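These figures come from a predicted structure and were not determined experimentally. All ligand and atom numbering here is 1-based and tracks the order in the structure.
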Amino acid sequence: MRAKPGLVVLISGTGRNLQAILDAVAGGRLNADIRLVLSNRGDAYGLCRAERAGVPTRVLRPRHYPDRAAYEADLAAAIDEVAPEAVALAGFMRILGSGFVQHFSGRLVNIHPSLLPAYRGLDTHRRVLQANETRHGASVHFVTEDLDAGPVLLQGSIAVKRDDTPDSLGQRVMDKVETRIYPQALDWITSGRAVFDGKTLRLAGEALEEPIHVDCD
Ligand code: GRF
């Protein structure tokens, strides 16, 4: 039997996306072997989720390194040790430098809680409410050197409710959108169905002009 494609997940916090990925692997919806969960914080709850699922974990703390380049070199080495086909950022709250991003080009993906290209950066749920948007969601994109600007593979959206708060909206985006689209997008990537060569994003061999969009209401 051929080995399953390898996946490494980088986290900093609660790891709800990580849980969805673990569940999808256990349920056979994501054909991947999660070889390592890496965190930049020792207190990330996602580490407990990984341990419960029997997945190896490592914590690499930035403050133990003289600078960002040294930290990211070690992070890259830890990932390279398990030679994954894909590296998923799942709430990893650090901006990664160009050397790291280039090293993993075509294999590095992120989930961002907005309908990119709208609302790059932080605090998206509050900004969406302030702008009276009627729909909101999340996007899975390949990571390039520009923050939250790499090509989007898959996005999902929900209706914004009139009485939403940033917390209620963020919770719904997580429950209905993020935990659904991230495992799906990762399955397309680890299976080779979605390929980004650094220039063009292709799905099933065809250049993808627009992200695939799913309505998650
Ligand atoms: C998610 O909203 C994700 O889109 C963003 O950070 C959050 C991580 O949450 N990048 P969790 O750690 O997966 O619970």
Margin query: Could you check whether S168 and D164, counting side-chain N and O atoms only, form a donor-acceptor pair closer than 3.5 Å?
Written below: yes
Check: With a 3.5 Å cut-off and no angle check, do the side chains of Q171 and D167 form a donor-acceptor pair?
Finding: no
Margin query: Does any N or O of ligand 1 fall below 3.5 Å from an N or O anywhere on H112, backbone included?
Written below: no
Item checked: Min N/O separation G15 to ligand 1 under 3.5 Å -> yes
Is there a donor-acceptor pair under 3.5 Å between the side chain of [X] and the backbone N or O of [Y]?
X    : Y    : value
D197 : K199 : yes
R172 : D217 : no
S12  : M93  : yes
T124 : P113 : yes

Next item on the list: Determine the interplanar angle of the H125 and H136 rings, folded into 0 to 90°, and report it as parallel if under 30°, tilted if 30 to 60°, perpendicular if over 60°.
Entry: perpendicular
Next item on the list: Using a strict cut-off of 4.0 Å, indicate which atoms of ligand 1 neighbour a heavy atom of N17.
Entry: 1 (C), 3 (C), 13 (O)
Next item on the list: Report the member of G91, G13, A44, A138 with the shortest heavy-atom distance to atom 6 (O) of ligand 1.
Entry: G91
Could you find the nearest protein heavy atom to [atom] and give me its residue, atom name and distance?
atom                    : result
atom 4 (O) of ligand 1  : E178 OE1, 2.6 Å
atom 9 (O) of ligand 1  : R16 NH2, 3.5 Å
atom 10 (N) of ligand 1 : I111 O, 3.1 Å

Notebook entry, point to check: For ligand 1, is I11 a contact, meaning one of its heavy atoms is under 4.0 Å away?
Noted result: no
Next item on the list: Check if P113 has a non-hydrogen atom at a distance under 4.0 Å from any atom of ligand 1.
Entry: yes
